[in-house]
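Note that this is a predicted model, so its numbers are computed, not measured.
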Amino acid sequence: MNKKQLRTAIDYFLENNFQSRIKERGLHYFYDGKVTKLDLVNDKLSATVTGTTLYDVEVNLENLSLSHCTCPYENMCKHLVAVLMELKKLLDDAPRLSLQGTMDYHLNEPIAVMERLRNDLTPYIEEVYHLLSKSGHFSHEHTKMIVKQFYEELQQNVTNESHQFQIIAMTVLMDELYKKAINYETFYFRQNRFLAFFNELFHASYPALKQEVTNGSSFTKWYTTYLFNQLPHIESGSPYQSLISTWLLCEEREVVLLKHAQMLLKKPLSNHFFLTKLASLLCLQANDGARSIALLKELKDKLHHSDLIDHFLIMEQKDDFVMMKHWFELFFPKEKPKQGTVLGKLYEDMLVETGTDEEKLTIVWKNWLNQPSFLTYKSRMNKSNAEEKQKILQYIIPKLQADLYRSQTEATFYQIATQEGLFEEALTSLLTHKKETNIITPEIEKLLKVVKKQNPVLLLPFYHQLVERLVQKKSRVYYEEAALYIKQLKDIYEKINKQQTYTSYVVGLKQRFKTYRAFIQELKRIDK
């Protein structure tokens with residue numbers, strides 16, 4: 001679905017699927033900036049909306065009716081309206097690409113195609129440049145949307161050589177934007193924004209780059225030569241550095257990788273640092289770790305820890321955590337990578353694979369507790385055996401319970417409790433640590449559903465306490481909510497054949513709260 005079709009589909013969907021009051025409240029959420037953490041992956045746009053708590057919304061761009069939200073309302077809610085409005089804003093900001101059919105470009109002459117595209121893309125490049133160079137907020141989601149639309153519109157006229165055309169168009173767009181930004185002296189002023197755009201451009205084109213390198217066609221040879229010819233003119237910070245690295249590292253054949261490394265080392269010394277580091281990366285990709293380290297040692301006077309990130313990512317990709325451990329010992333002999341950084345995460349992942357039990361607990365899980373994440377928990381637990389898992393749970397659960405006032409910790413704790421069947425610990429924490437027990441987050445709601453299905457008796461003290469707290473609020477709204485939980489209690493008592501206990505409980509409620517007329521009315525409705 002192209003930009004225009006999606007924009008029309010959103011307007012129609014909003015008009016025909018939402019109540020007017022829901023749309024109005026969703027608009028307020030949008031204008032108040034409550035939509036955050038947007039992430040565009042393929043045909044799904046996910047976002048977080050701040051409401052009573054944080055709710056996750058996923059928009060299906062191919063079929064909007066399949067979109068959903070984690071709020072109790074689930075679908076067609078104000079949170080979805082707010083995200084759709086944010087999506088409309090992103091679409092409105094994305095420039096439109098207008099090209100003739102790709103069959104009119106003779107791809108057997110790539111240089112001629114490149115030159116023609118420089119002219120044909122000029123209006124589009126002007127629009128993108130204006131967006132990237134203007135003042136004001138410009139989110140990463142804007143970048144992803146522009147890039148997504150660029151490649152989608154390129155694909156509207158697909159030919160058998162669509163990957164080649166996409167690569168040439170991407171190169172022209174990058175080159176012309178970079179030149180324009182340099183000429184108008186805006187590149188270094190907006191460097192982070194431009195580089196983020198270029199990196200997203202390369203990331204989105206990676207499948208095409210990988211496919212062409214794998215094919216090893218004449219185009220592959222031409223494009224490699226073209227990029228190598230740019231090397232003498234590339235300045236530090238140029239997007240060409242990232243593009244050349246991405247292209248050469250798509251290669252998997254060790255002989256070709258080592259050949260490219262040798263070619264880089266023969267280039268002019270003006271780019272010595274970049275060329276040597278890239279040659280080191282290619283050697284590592286070719287499984288020549290010794291040569292890779294030797295080249296890095298030549299750079300020791302200029303080498304910063306951040307320059308090693310790509311090397312460690314290659315080792316992670318190869319699942320070679322033993323080599324990674326050796327590299328950490330070599331390049332970080334005293335001070336280890338800081339937590340929260342890319343290298344810090346890789347260091348912890350390495351310890352999960354190769355560290356002792358003590359290292360895993362005191363370093364890996366201690367760091368994890370500072371920013372607990374359920375996804376990280378699951379990925380790390382998948383690598384632990386039953387005995388290790390038990391030790392880890394004994395270590396982290398009390399510490400999570402002591403820190404439940406933090407929303408992220410609370411969400412992670414209840415997710416883990418649900419996953420591991422720690423129902424008693426979770427319900428005890430609900431009763432002792434959560435002041436507003438009636439405010440049920442999605443994580444707690446899921447926990448309660450699982451407990452009700454597997455061991456409903458455990459819910460009895462929790463529901464009893466919940467009813468007490470709601471009734472004490474002395475409001476019809478809370479009385480109605482209390483009645484819902486009393487019905488839950490009735491179901492559980494009937495399930496365990498203790499109807500008399502339930503009857504005595506209701507009689508006691510009527511006696512203690514006999515002056516609460518509205519509540520007594522709600523109780524009477526339960527029995528009807």
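Residues Arg476 and Gln521 meet the side-chain proximity criterion, which asks for heavy atoms closer than 4.5 Å. For the pair Leu404/Tyr414, a side-chain contact is recorded, criterion being any heavy-atom separation below 4.5 Å from C-beta on. Looking at Leu361 and Ile392, their side chains come closer than 4.5 Å, going by heavy atoms from C-beta outward. Between Leu523 and Tyr479, every side-chain heavy-atom pair lies at or beyond the 4.5 Å cut-off. Residues His305 and Phe331 fail the side-chain proximity criterion, which asks for heavy atoms closer than 4.5 Å. The closest side-chain heavy-atom distance from Ile492 to Tyr502 is not below 4.5 Å.
Two rings, from Tyr505 and His464, have their centers less than 6.0 Å apart. Between Phe513 and Tyr516, the ring centre distance stays below 6.0 Å. Between Phe312 and Tyr347, the ring center distance fails the sub-6.0 Å criterion. Here the two rings, on His79 and Tyr29, have centers that are under 6.0 Å apart. A centroid separation of less than 6.0 Å is found between the aromatic rings of Phe13 and Phe18. Ring centroid separation for the pair Phe150 and Tyr124 comes in under the 6.0 Å cut-off.
Shown here is Lys498, whose NZ atom has no more than 12 heavy atoms of other residues, nucleotides or ligands within 6.0 Å. In this structure, Lys474 places its NZ atom where only 12 or fewer heavy-atom neighbours from other residues, nucleotides or ligands lie under 6.0 Å away. Other residues, nucleotides and ligands contribute over 12 non-hydrogen atoms within 6.0 Å of the CD atom of Gln394. Atom NZ of Lys383 sits in a crowded spot, with more than 12 heavy atoms from other residues, nucleotides or ligands closer than 6.0 Å.
In summary, the side chains of Arg21 and Gln19 do present a donor paired with an acceptor at a separation below 3.5 Å, with no hydrogens or angles considered. No hydrogens or angles considered: nothing links the side chains of Lys345 and Gln339 as a donor-acceptor pair under 3.5 Å. At a cut-off of 3.5 Å, with distance as the only test, a side-chain donor of Tyr377 or Glu420 sits close to an acceptor on the other residue. When only modelled atom types and interatomic distance are considered, Gln401 and Ser429 share a side-chain donor-acceptor pair under 3.5 Å.
A search for side-chain hydrogen bond (donor to acceptor under 3.5 Å, both in side chains) contacts involving Gln371 returns nothing, not counting sequence neighbours.
Gln285 places a side-chain N or O within 3.5 Å of a backbone atom of Leu249 that can act as its donor or acceptor partner.
Between atom CG of residue Asp491 and atom OH of residue Tyr463 there is a gap of 9.5 Å, rounded to the nearest 0.5 Å.
Taking the centre and axis of the six-membered ring of Tyr395, the NZ or CZ atom of Lys399 falls inside the cone set by 45° and 6.0 Å. Stacking of Lys473 on the aromatic ring of Tyr478 is recorded, both the 6.0 Å distance cut-off and the 45° axial limit being met.
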